[in-house]
Structure formats: C-alpha cells, structure tokens
Amino acid sequence: MSQRAVLFDLDGTLVDSAPDLWRAANEVRATQAMPPMPLGAFRPVVSRGARAMLAVALPEHRESQREALLDEFLQRYARDIACETRLFAGMEALLCQIESRGVMWGIVSNKAEGLAKQVVVSLGLQARASVLIGGDTCAERKPHPLPLLEACRRLQVSPSQALYLGDDPRDIQAARAAGIRSVAVTWGYADEDTVREWGADRCIDAPMDLLDEDLLN
C-alpha cells in the first residue's frame, strides 16, 4: 500500500536544535557558577528530553536540585528557541519531494507542544506540516503508540499508510506498537552503530535516502 503520510520526530530527526538547547543549558550552568560545557558532551542526550539534558549539564547536582531548575532551563530555551536551530542538511529537499508526490507530512515529538510549535513557526514550517503532536498533546508520550495513532487519526490515514522517522529508540518502539513502519536515522544525536541495533524496519544515513529506499511506495 502506498504511503499517504510521513511523520517525523522533531529534535535530532527533522531539525538540529542542539545548539539552542546547549546555549540554554550553559546559561543555567552560569547561574550555578559553572563554566560552559562543550557541545560535544551535550549533543548525545538532546533527544532524551529536558531532564536528561540537565542531568548532563549539572552532573553534580541532586535530582531535586535539577528539578528545581527545569522551568528556568525551558524558559531560557524558549526565549531564543530557534536562533541556531535548522533543518538537517538534505531535509528541505526531502520535504519538497514528499509534498510534490501529494504525501502529507507531520511531526510527532516528545517536546512540549507549545515549544514544538514555536520551533515550527520560527522555521516557517507551520503551513506545510499537516499535523503536530507534542509530548503533552495526548495522555501518553512515546514510546507509547498513542501520539502516533493520534497523528494518523487527525490525518485520516491508517497506521499502515504512514512512516515514522526517528533518532531515538523510543521512536522505533512507538512506531512498532502503533503498527507504523519505522525508519531509524543516523544523522541525529545517537551513536550510528547503536541506531542500527534498534530493530527499525529501515535505517537511513541521509534524508534523501528515504527516496532511494523507495519507502514512499
């Protein structure tokens, strides 16, 4: 059955948001009299959520201390949410190809819906994305399948008519549970060798590989 929808995770799949999240994390470190941390140490945890990012940024803080700084971290991030955030290389070309084929595309992220919308608007994608599901849109988050199933419901497509691209094992788990074909991407924040161990239906190394694999047919 031909695919009618392509769904993307946001951070680490559709967009590279690590620089802006890293900037916010270093601002929080500064309030704690800590020096900036290198992007290379921070980047691998970006897809794991705000608490995981703070755990890396503030490793000597107790969990309760990090929790108390969570809102400040998110506020600092939201204030300049897309200064350096960009579509990954090759992604604009892929989106154009998807659209030219009359296939819908959308976003299913664990990022709070309000923050995800800010990113989408800042990048001028709001009129192009057919659906946006955030981490607080539904009663469950990935790896639960509900967000993906809700995206399909809103698009009026069956799970078998959709693809989901992600850079985190929770993306693949959610797609599998929803009955959606999963595509793991290696350009995100996870180690490339690890990505190939997740058991996704396909694994691709660049956005346009989606077309080379003929996954839209």
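The analysis underlying the following values was restricted to heavy atoms, covering all of them including side chains, and did not include hydrogens, waters or symmetry mates. Keep in mind that what you see is a predicted model, and the values were worked out from it rather than measured. By convention here, the first residue in the shown sequence is residue 1.
- Under the 4.5 Å side-chain contact rule for hydrophobic residues, V195 and I204 do not share a cluster.
- Applying the side-chain hydrogen bond (donor to acceptor under 3.5 Å, both in side chains) rule to pairs touching residues 116-125 yields E113-K117, sequence neighbours excluded.
- The hydrophobic clustering, which links ILVMFWY residues whose side-chain heavy atoms are closer than 4.5 Å, places W198 and V185 apart.
- Distance alone, capped at 3.5 Å, is enough to place a donor-acceptor pair between the R29 side chain and the P35 backbone.
- Judged by distance alone, the side chain of Y77 and the main-chain N or O of L115 form no donor-acceptor pair under 3.5 Å.
- A side-chain donor-acceptor contact under 3.5 Å links D201 to the backbone of S182.
- The list of salt bridge (charged side-chain N to carboxylate O under 4.0 Å, His left out) pairs with a residue in residues 118-129, not counting sequence neighbours, reads E92-R128, E99-R128.
- The distance from the CG atom of L21 to the CZ atom of R76 is 14.0 Å, given to the nearest 0.5 Å.
- A salt bridge is defined here as a Lys NZ or Arg NE, NH1 or NH2 lying under 4.0 Å from an Asp or Glu carboxylate O, and R196 with D205 meets this definition.
- Between the side chain of W187 and the backbone N or O of T13 there is at least one donor-acceptor pair closer than 3.5 Å.
- Note: R48 CZ to N110 CG = 14.0 Å, rounded to the nearest 0.5 Å.
- Here the CG atom belonging to L10 is positioned 11.0 Å from the CG atom belonging to D171, to the nearest 0.5 angstrom.
- Between the side chain of Q161 and the main chain of R4, no donor-acceptor pair closer than 3.5 Å is present.
- Side chains of E72 and E27 form no contact here, defined as non-hydrogen atoms less than 4.5 Å apart.
- Members clustered with L149: none, using a 4.5 Å side-chain heavy-atom cutoff among hydrophobic residues.
- Considering CG of L54 and CZ of R51, their distance stands at 9.0 Å, rounded to 0.5 Å.
- Side-chain contact between F88 and D167: absent, with no pair of heavy atoms (C-beta onward) separated by less than 4.5 Å.
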Would you be so kind as to tabulate the donor-acceptor pairs closer than 3.5 Å made by side chains of residues 55-65, with sequence neighbours excluded?
unit_1: H61; atom_1: NE2; unit_2: Q32; atom_2: OE1; d: 3.0
unit_1: Q65; atom_1: OE1; unit_2: R62; atom_2: N; d: 2.7

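- A distance-only check finds a donor-acceptor pair linking the side chain of D191 to the backbone of T194 [under 3.5 Å].
- Contact detail for L70 and A50: the closest heavy-atom pair is CD1-CB, 3.6 Å.
- For T85 (side chain) and A82 (main-chain N/O), no donor-acceptor pair under 3.5 Å exists by modelled atom type.
- L146 and I172 are members of different hydrophobic clusters when ILVMFWY side chains are connected at heavy-atom separations under 4.5 Å.
- Contact record, Y189 with S47: CD1-OG, 3.2 Å, taken as the closest heavy-atom pair.
- Sorted by first and then second residue, the pairs that involve residues 35-47 and meet salt bridge (charged side-chain N to carboxylate O under 4.0 Å, His left out), not counting sequence neighbours, are D16-R43.
- T137 has its side chain within reach of R154: a pair of non-hydrogen atoms, C-beta onward, lies under 4.5 Å apart.
- Under a 4.5 Å side-chain heavy-atom criterion applied to ILVMFWY residues, the cluster that includes V157 comprises L7, M104, V108, V131, I133, L148, L155, Y164, I180 as well.
- Of all non-hydrogen atoms in L163 and L215, the two that sit nearest each other are CD1-O, 3.6 Å.
- Smallest separation of non-hydrogen atoms from P159 and A178: CB-O, 3.3 Å.
- Each of V121 and L132 belongs to its own hydrophobic cluster when Ile, Leu, Val, Met, Phe, Trp and Tyr are linked at side-chain heavy-atom distances under 4.5 angstrom.
- The residues K111 and D11 are annotated as salt-bridged, a charged nitrogen and a carboxylate oxygen being separated by less than 4.0 angstrom.
- Heavy atoms from other residues, nucleotides or ligands lying under 6.0 Å from CZ of R101 number more than 12.
- The backbone N or O of M37 sits less than 3.5 Å from a side-chain atom of N26, completing a donor-acceptor pair.
- The line from OG of S17 to CZ of R23 is 11.0 Å long, rounded to the nearest 0.5 Å.
- Here the side chain of R86 pairs no donor or acceptor atom with the backbone of L123 at under 3.5 angstrom.
- Of the possible donor and acceptor atoms, none in the side chain of R141 sits under 3.5 Å from a partner among the backbone N and O of P147.
- Note that the CH2 atom of W105 and the CD atom of Q97 stand 14.5 Å from one another [nearest 0.5 Å].
- Using a 4.0 Å cut-off between a side-chain N of Lys or Arg and a carboxylate O of Asp or Glu, D9 and K142 qualify as a salt bridge.
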- Task: Could you check R66 against F73 for side-chain contact (heavy atoms from CB on, under 4.5 Å), going step by step and ending with a plain yes or no?
- Result: CA-CA 10 Å; R66 292 196 297 266; F73 170 58; over 6 Å; no

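- Closest approach of G40 and P44 over heavy atoms only: O-CD, 3.2 Å.
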